[in-house]
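Because the structure is predicted, anything quoted here is derived from the model rather than measured.
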Amino acid sequence: MRIDQELLEVILSINTMDELEHFFDEIFTPAELSDLSLRWKLLKDLHAGMTQRKIAEKYGISLCKITRGSKVLKKKGSIALKVLDSRN
């Protein structure tokens, strides 16, 4: 399933971090927010050069979840990689 374009437009229209946080709290379950945050953290750790095994230990997760993140960062034209590179 593709992400609803209207939802993306709504997210882009939110002007403050506080409003964005409240919006996410309203539309995502705590488990979904936790998964989303974890995915971002492991992408940051991979980008910083941390090994997959260290990341698995750090968060108590399987290597499969981390491998997916690694593939994202290796993918040609990866937006996640572009964002992470721009934050350094």
Side-chain angles (χ1 to χ4, degrees):
M1 175 183 263
R2 292 198 43 121
I3 298 174
D4 185 280
Q5 295 300 298
E6 182 181 12
L7 174 60
L8 293 176
E9 289 172 7
V10 167
I11 291 169
L12 277 173
S13 75
I14 297 173
N15 295 318
T16 69
M17 293 290 281
D18 189 52
E19 287 180 352
L20 185 59
E21 184 175 355
H22 281 81
F23 182 70
F24 275 29
D25 282 338
E26 290 170 351
I27 66 168
F28 294 111
T29 67
E32 290 167 336
L33 287 171
S34 180
D35 287 346
L36 188 60
S37 293
L38 176 62
R39 187 157 298 163
W40 177 245
K41 288 175 186 176
L42 74 86
L43 284 170
K44 289 192 311 181
D45 288 345
L46 285 167
H47 186 259
M50 189 178 289
T51 67
Q52 290 189 27
R53 291 199 187 282
K54 289 264 189 208
I55 295 168
E57 271 180 42
K58 182 177 179 179
Y59 299 112
I61 57 176
S62 72
L63 290 172
C64 293
K65 284 187 179 186
I66 301 161
T67 299
R68 183 181 187 281
S70 180
K71 287 179 182 178
V72 166
L73 295 181
K74 291 176 184 172
K75 183 179 167 186
K76 185 176 178 162
S78 169
I79 300 301
L81 179 59
K82 180 179 174 181
V83 168
L84 287 163
D85 283 345
S86 73
R87 297 181 66 83
N88 288 335

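- With contacts defined as side-chain heavy-atom distances shorter than 4.5 Å, the pair Arg87/Lys44 does not qualify.
- Atom OG1 of Thr67 is separated from atom NZ of Lys74 by 8.5 Å, given to the nearest 0.5 angstrom.
- Distance CZ/Arg39 to OH/Tyr59: 13.5 Å, rounded to 0.5 Å.
- In the hydrophobic cluster analysis, where Ile, Leu, Val, Met, Phe, Trp and Tyr join through side-chain heavy atoms closer than 4.5 angstrom, Leu36 is grouped apart from Leu38.
- Scanning all heavy atoms of the two residues, the minimum distance from Leu46 to Ser70 falls at CD1-N, 3.4 Å.
- With hydrogens and angles disregarded, a donor-acceptor distance shorter than 3.5 Å links the side chain of Ser13 to the backbone of Val10.
- Here the rule is side-chain contact (heavy atoms from CB on, under 4.5 Å) with Leu43, and of Leu84, Leu81, Ile55 only Leu84 fits it.
- Rounded to the nearest 0.5 Å, atoms NE2 (His22) and CD1 (Ile14) are 11.5 Å apart.
- Using a 4.5 Å heavy-atom threshold, the side chains of Trp40 and Val83 count as touching.
- Within 6.0 Å of CG in Leu7 there are more than 12 heavy atoms belonging to other residues, nucleotides or ligands.
- Leu33 and Ile61 are assigned to two separate hydrophobic clusters, defined by single-linkage of ILVMFWY side chains at heavy-atom distances under 4.5 Å.
- To the nearest 0.5 angstrom, Arg68 atom CZ is 11.0 Å from Leu73 atom CG.
- Tracing side-chain contacts under 4.5 Å through hydrophobic residues (I, L, V, M, F, W, Y), one never reaches Phe24 starting from Met17; they form parts of separate clusters.
- Residue Asp45 holds its CG atom at 12.0 Å from NZ of Lys54, rounded to the nearest 0.5 Å.
- Under the 4.5 Å side-chain heavy-atom criterion for grouping Ile, Leu, Val, Met, Phe, Trp and Tyr, Phe28 is not connected to Ile3 through any hydrophobic cluster.
- Rounding to the nearest 0.5 angstrom, the gap separating the OG atom in Ser37 from the CG atom in Leu42 is 11.0 Å.
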